[in-house]
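Report on the structure given below.
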2 protein chains.
Amino acid sequence: MRKIIDIQKKLLPDLLQVLETRYDILHRIHLEGTVGRRTLAASLNMTERVLRSELELLRAQGLLDTATSGMTLSASGRQLVEEMEPIVKELFGLSDLEEEVRRAFGLKRVIVVPGDSDESDHVKLELGRAGGRVLRDSLSSGDVVAVMGGSTMAHMARHFSIPSQMKENWFVPARGGLGESVDYQANTIASELAKRAGARYRMLHVPDHLSEEAYQTIMQEPNVGEVVDMIRSARIVVHGIGDAVTMARRRKLTEETRDELVKDGALAEAFGYYFDRQGKVVHRMATVGLRLEDIEAAEHVIGIAGGASKGEAIAAVMRFGHDDVLVTDEAAAREALRHI
Amino acid sequence: MRKIIDIQKKLLPDLLQVLETRYDILHRIHLEGTVGRRTLAASLNMTERVLRSELELLRAQGLLDTATSGMTLSASGRQLVEEMEPIVKELFGLSDLEEEVRRAFGLKRVIVVPGDSDESDHVKLELGRAGGRVLRDSLSSGDVVAVMGGSTMAHMARHFSIPSQMKENWFVPARGGLGESVDYQANTIASELAKRAGARYRMLHVPDHLSEEAYQTIMQEPNVGEVVDMIRSARIVVHGIGDAVTMARRRKLTEETRDELVKDGALAEAFGYYFDRQGKVVHRMATVGLRLEDIEAAEHVIGIAGGASKGEAIAAVMRFGHDDVLVTDEAAAREALRHI
DNA sequence: AATCCGTTGGACAAAAAATGTCCCAGTACT
DNA sequence: AGTACTGGGACATTTTTTGTCCAACGGATT
């Protein structure tokens with residue numbers, strides 16, 4: 001059953017939303033027995049007119065009877081509501097979860113896709129696509145978008161699409177090359193996103209570990225300086241979330257640094273910073289790019305990560321408290337909630 | 001699976017229509033391999049712009065790839081089309097049947113609801129409702145609608161609903177009282193429909209069997225004459241279809257007349273006329289009202305009848321050839337097709 | 001090499017639909 | 001009799017959809 005809906009959802013992305021509102025309407029009428037349009041609108045948080053259109057449809061379907069004293073479910077309406085109850089529970093289980101996560105971490109918006117990225121590549125893909133949708137919705141003309149690297153981000157980029165081109169937008173890597181495979185580098189991802197959005201992009205080719213002197217020198221480069229300025233003005237930041245130890249290894253930190261990280265309780269990594277359980281920054285990458293204050297200034301900070309194994313890391317980064325939107329999967333969401 | 005689809009049909013009739021067009025688009029692209037927007041629009045009978053909006057959505061969903069040489073299904077698009085096949089069949093299986101019936105009898109439009117009215121009252125109800133929808137769609141301001149009696153028509157009337165009132169319309173019985181129970185009389189049905197449509201109605205109270213003399217006298221009555229004129233100018237005619245013998249008995253024809261009917265091969269009855277297998281009129285009711293030429297002149301002649309037992313009668317009346325729209329159920333439709 | 005056909009995407013006015021708001025004439029209780 | 005509901009009508013305004021053209025491009029054919 002879930003499958004049918006998933007299939008249909010590809011063709012009718014707002015299927016579930018419409019289904020949910022209509023069910024809510026019927027359900028509420030079912031509870032009230034007989035109720036008027038305005039009362040109903042108030043209790044469902046809908047404007048009168050919108051509700052009215054829906055009611056007209058439901059009536060045309062013979063699910064509602066309307067009398068001068070208000071509206072009542074018809075026999076088939078009652079039957080429908082009863083049959084739907086278990087289905088609704090199954091279908092909208094995740095939106096409850098989304099709401100729970102949203103509250104727990106004080107976020108603006110949470111998207112949870114079903115499944116576990118650790119288990120299935122298909123879920124990873126959906127996660128990427130869901131991230132893409134969120135990014136698309138947040139995007140306004142002229143925005144600068146700073147993106148991080150990582151495999152989830154790469155998935156997102158690969159399946160990003162947008163209805164109309166956004167020529168006035170810029171995509172930039174949030175940080176210099178972080179020594180990962182090319183496919184997963186922020187530079188690559190920024191450029192792929194830009195191509196798919198019909199937007200422009202800049203790259204930032206800066207080695208990972210820089211001495212203070214080299215850093216000063218390279219920032220003098222007009223090419224680099226410009227890009228860094230742009231990065232720091234980003235209105236949207238999109239980033240993955242990683243496990244601290246894994247990321248440290250992937251970025252080839254020295255063994256001493258890694259030990260130090262562990263000693264400091266580093267648990268999670270995001271946009272080049274390492275966080276402990278409480279969401280406190282315990283370490284930062286020595287490279288050019290987005291600083292913490294830029295993240296605070298950005299209007300849309302979107303975190304994307306999934307898989308039960310990342311649940312704790314996600315919780316840590318969310319506690320840091322500067323994310324606005326979290327896109328994750330069911331397994332990670334539940335795991336993150338376990339870590340309060 | 002069956003269940004959720006039935007629920008969706010009730011709750012999301014508008015979305016399912018969208019689903020169908022989107023599926024059609026994908027399906028067609030699947031067949032063509034790679035095809036351009038204009039070609040596609042032509043073969044799908046859609047205007048270019050509408051198609052384009054759909055294509056944009058499908059691409060955003062990652063189902064389509066577009067190249068400069070045209071559009072192709074992506075891997076997930078292909079998968080979707082394949083997975084949807086059974087679902088589409090469930091959802092729209094009857095539309096194939098509708099098309100088949102439409103062609104077989106040269107009609108403008110055919111609606112088939114699932115099930116068999118002989119078996120289940122629920123199907124009768126759906127049939128009535130479907131008839132109501134058709135009538136509603138055909139209705140323009142100012143139209144005169146002539147309706148016949150019968151239980152199916154009564155069902156339709158009872159569940160008729162219309163988004164906005166039609167004050168300029170008239171509902172009239174197509175014929176005088178046909179000696180059935182009040183609930184099923186054309187008069188009753190016309191008045192109920194009119195009330196539900198917010199329209200006006202006239203009744204025609206004329207006994208069934210009239211001598212020529214009495215006929216002339218009664219037609220002099222201004223009240224009667226006016227209504228008859230109105231009936232004869234009807235732009236829309238809605239009628240049930242009955243089995244000849246059953247109808248003859250219900251209308252209390254004399255035994256001799258009934259024998260004569262059988263001798264003449266009368267099989268079906270509709271709007272007071274009896275038809276044989278070939279759709280030829282073999283007898284007519286002796287009462288005031290709609291004549292054959294009025295039916296020919298009417299722009300929308302809508303026949304409503306269901307149940308396997310009526311299949312043959314439906315086929316006979318459709319062969320008569322003056323109906324435009326047929327509303328029936330699955331069992332009757334299949335049965336009617338068996339009688340070519 | 002030039003031309004032609006079919007492709008996608010951009011642009012924009014016109015038309016249609018959805019929406020927010022009020023109001024009216026009822027009716028069922030108190 | 002009065003109050004507090006009801007559904008449905010009306011309508012300006014906003015938003016979305018739709019029809020139409022056109023530009024730029026790519027690949028085949030001449």
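Quick caveat, the model's predicted, so the values are computed rather than measured.
Going from atom CZ of B:Arg37 over to atom P of D:dC25 covers 17 Å, rounded to whole Å. Rounded to a whole Å, the CD atom of B:Glu32 is 14 Å from the C1' atom of C:dG6. Between the CZ atom of A:Arg38 and the C1' atom of C:dG26 there is a distance of 12 Å, rounded to whole Å. Distance, A:Leu40 CG to D:dT6 P: 9 Å, rounded to whole Å. If you measure from atom CD1 of A:Ile25 to atom P of D:dG7, you get 13 Å, rounded to the nearest angstrom. Computed from coordinates, the A:Leu58 CG to D:dG7 C1' distance equals 15 Å when rounded to whole Å.
Dashed line: the shortest gap from a side-chain N or O of B:Arg59 to OP1 or OP2 of C:dG9 is under 4.0 Å. Within the 4.0 Å cut-off from OP1 or OP2 of C:dG6, not a single side-chain nitrogen or oxygen of B:Ser69 is found. Put simply, B:Arg49 has no side-chain N or O that comes within less than 4.0 Å of OP1 or OP2 on C:dA16. Contact between the side-chain N/O atoms of B:Thr68 and the OP1/OP2 oxygens of C:dG9 is not found at any separation under 4.0 Å.
Listed nucleotides D:dG9, D:dG19, C:dT19 differ in distance to A:Arg52; the shortest reach to its side chain belongs to D:dG9. Listed candidates were C:dG10, C:dT21, D:dG7. Nearest to the side chain of A:Glu48 is C:dT21.
Put simply, CD1 on B:Ile29 and CG on B:Asp24 are 11.0 Å apart, with the number rounded to the nearest 0.5 Å.
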*Give the intermediate values and the outcome of side-chain contact (heavy atoms from CB on, under 4.5 Å) for residues B:Tyr201 and B:Val172.*
CA-CA 6 Å; B:Tyr201 65 96; B:Val172 291; over 6 Å; no
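Note on A:Thr39: only backbone sugar-phosphate atoms sit closer than 4.0 angstrom, heavy atoms only; bases stay farther off.
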